[in-house]
Amino acid sequence: MINVAILGSTGSIGTSTLDVIARQSDKFHAFALTANKNVERLYEQCHQFLPEIAVMVDEQSARDLQQKLKQDPKTAHIDVFSGRSSLDEVAAHEKVDYVMAAIVGAAGLSSSLAAARTGKRILLANKESLVMSGDLFMQAVQDNGATLLPIDSEHNAIFQSMPEKLTRAGAKTDIQGCLQASGVEKILLTASGGPFLNKTFDELEHVSPDQACAHPNWEMGRKISVDSATMMNKGLEVIEASWLFNASADDIQVVIHPQSIIHSMVSYNDGSVLAQLGNPDMRTPIAHAMAWPDRMDSGVEQLDIFKVAQLNFEQPDFERFVCLKLAYDALRAGGTAPAILNAANEVAVDSFLKGEISFTRIAGIVEQTLNYINREPADSMDVILAADKHARRVANDLCSGLEPE
Ligand code: NAD
Ligand code: MG
């Protein structure tokens with residue numbers, strides 16, 4: 001039995017992971033489930049999956065959950081912990097084999113890193129960890145013999161389309177410097193373009209949070225849905241790919257592909273282009289990374305190629321999707337620039353979701369924050385976390401219409 005800790009089990013990725021585990025219960029046990037404060041959902045999941053440990057970051061929520069679990073002899077044995085450090089403890093728990101890192105945002109960094117430091121198989125959905133601290137994160141993976149498998153559908157597709165010798169040990173750092181030597185010319189990172197691909201700039205000014213979260217092909221949490229609409233999600237993914245596959249900004253080409261059937265491609269120097277296709281359902285990359293290097297049933301319907309009929313591609317417009325350009329710039333600038341970009345974006349998206357700023361203001365907040373803070377070499381976690389904190393302060397001021405201090 002493989003013990004899996006699911007960090008962020010009540011979210012979109014967490015729920016899909018549990019769906020896969022339910023189909024593969026002879027191989028996988030949901031050993032630990034964690035959530036922020038959704039007591040009802042975590043209670044239901046505990047009831048169905050009977051983990052050993054449940055974590056609610058929020059203390060009151062943890063007390064409420066514990067009380068509910070104690071009332072039923074079936075669930076009374078489950079240990080309930082609270083606080084952020086419990087996430088790290090669960091990720092590093094000696095009985096845990098695989099860690100699904102599916103917390104949203106910078107809040108997932110510490111626990112993803114704890115999994116790397118304890119040599120786990122990391123199923124990485126939390127792209128923000130790599131964006132913030134790619135260098136240190138990859139180093140921790142390598143130093144501790146962890147295996148890093150991408151859950152993000154594009155990166156999972158790239159992983160599947162990479163030469164086998166580069167992926168033998170998972171997306172570990174032994175692929176470093178090998179891309180060109182293995183004949184890889186370019187990574188073609190596909191993007192749906194989100195719900196506003198064909199809206200004019202003026203129309204964008206007045207879109208609501210619910211419109212921004214109505215993604216045409218994927219059902220996701222609200223933060224990543226807004227990121228898809230601004231295309232910051234693709235920008236974060238460019239940075240994520242650069243770390244996972246040791247690629248430079250120039251090695252990665254974003255391709256708009258509105259149907260989301262091709263999940264990304266790798267182009268080779270002999271003219272071959274390898275792609276991974278499938279219905280847009282996150283259970284495919286989740287099952288792939290859990291079973292790797294084998295395959296298993298994920299519950300995803302087979303792709304009906306005749307029903308798809310058409311696949312379209314277009315170049316992204318960097319003037320329209322400013323966030324994508326800002327992310328490329330941050331990757332090229334290096335150091336703490338991606339951490340600043342990420343933090344400012346989290347604050348701006350949150351502010352947009354609360355109805356405080358307009359959709360088009362998000363890019364402006366991120367750009368102004370990047371201009372305001374000097375980037376530094378990202379050579380320690382302290383430096384990265386300080387940059388994250390500083391960027392949040394500046395972006396918060398900008399969202400409130402204040403001059404940053
Ligand atoms: P979501 O909002 O649906 O779920 C987030 C989960 O994290 C919840 O379980 C929540 O309880 C937990 N959480 C939120 N804030 C927390 C905090 N401060 N501390 C601890 N736990 C906290 O998000 P999602 O759509 O499942 O995305 C999760 C991650 O996966 C993100 O990094 C996202 O970019 C990535 N991802 C998601 C998808 C997708 O299809 N949803 C695809 C690719 C990558
Ligand atoms: Mg993705």
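Counting begins at 1 with the first residue of the sequence. The figures here come from the full heavy-atom set of this structure, side chains too, leaving out hydrogens, waters and symmetry mates. Remember, it's 1-based here, ligands and their atoms both numbered in the order they're listed.
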query: Which of parallel (below 30°), tilted (30 to 60°) and perpendicular (above 60°) describes H390 and Y372?
result: perpendicular
field: NZ/NE/NH1/NH2 to OD/OE distance under 4.0 Å, E52 and K95
entry: no
Presence of salt bridge, K68 and E40, under 4.0 angstrom: yes
message: Under 6.0 Å between ring centres: does that hold for F159 and H155?
response: no
- prompt: Could K223 and E128 be called an ion pair, given the rule that one side-chain N must be under 4.0 Å from one carboxylate O?
  reply: yes
message: Check this for me, if you would: do D350 and K354 make a salt bridge, where the nitrogen-to-carboxylate-oxygen distance has to be below 4.0 angstrom?
response: yes
task: List the steps, then state whether salt bridge (Lys or Arg N to Asp or Glu O under 4.0 Å) holds for D250 with R332.
output: CA-CA 9 Å; D250 293 332; R332 291 197 169 97; 2.8 Å; yes
For each nitrogen or oxygen atom of ligand 1, which protein N/O atoms lie closer than 3.5 Å, and how far apart are they, rounded to 0.1 Å?
| from | atom 1 | to | atom 2 | distance (Å) |
| --- | --- | --- | --- | --- |
| ligand 1 | 3 (O) | S12 | N | 2.9 |
| ligand 1 | 9 (O) | G8 | O | 3.2 |
| ligand 1 | 9 (O) | T10 | N | 3.3 |
| ligand 1 | 9 (O) | T10 | OG1 | 2.7 |
| ligand 1 | 9 (O) | G11 | N | 3.1 |
| ligand 1 | 11 (O) | T10 | OG1 | 3.3 |
| ligand 1 | 11 (O) | N36 | N | 2.9 |
| ligand 1 | 25 (O) | G221 | N | 2.8 |
| ligand 1 | 26 (O) | S12 | N | 3.1 |
| ligand 1 | 26 (O) | I13 | N | 2.9 |
| ligand 1 | 30 (O) | A125 | O | 3.4 |
| ligand 1 | 32 (O) | E128 | OE1 | 2.7 |
| ligand 1 | 41 (N) | S12 | OG | 3.1 |

task: Show all protein N/O/S atoms under 2.8 Å from the Mg ion (ligand 2), or state that there are none.
output: D152 OD1, E154 OE1, E237 OE2
Lys/Arg-Asp/Glu bridge criterion (N-O < 4.0 Å) met for D97, R121: no
query: Thinking salt bridges, do K74 and D72 make one under a 4.0 Å N-O criterion?
result: no
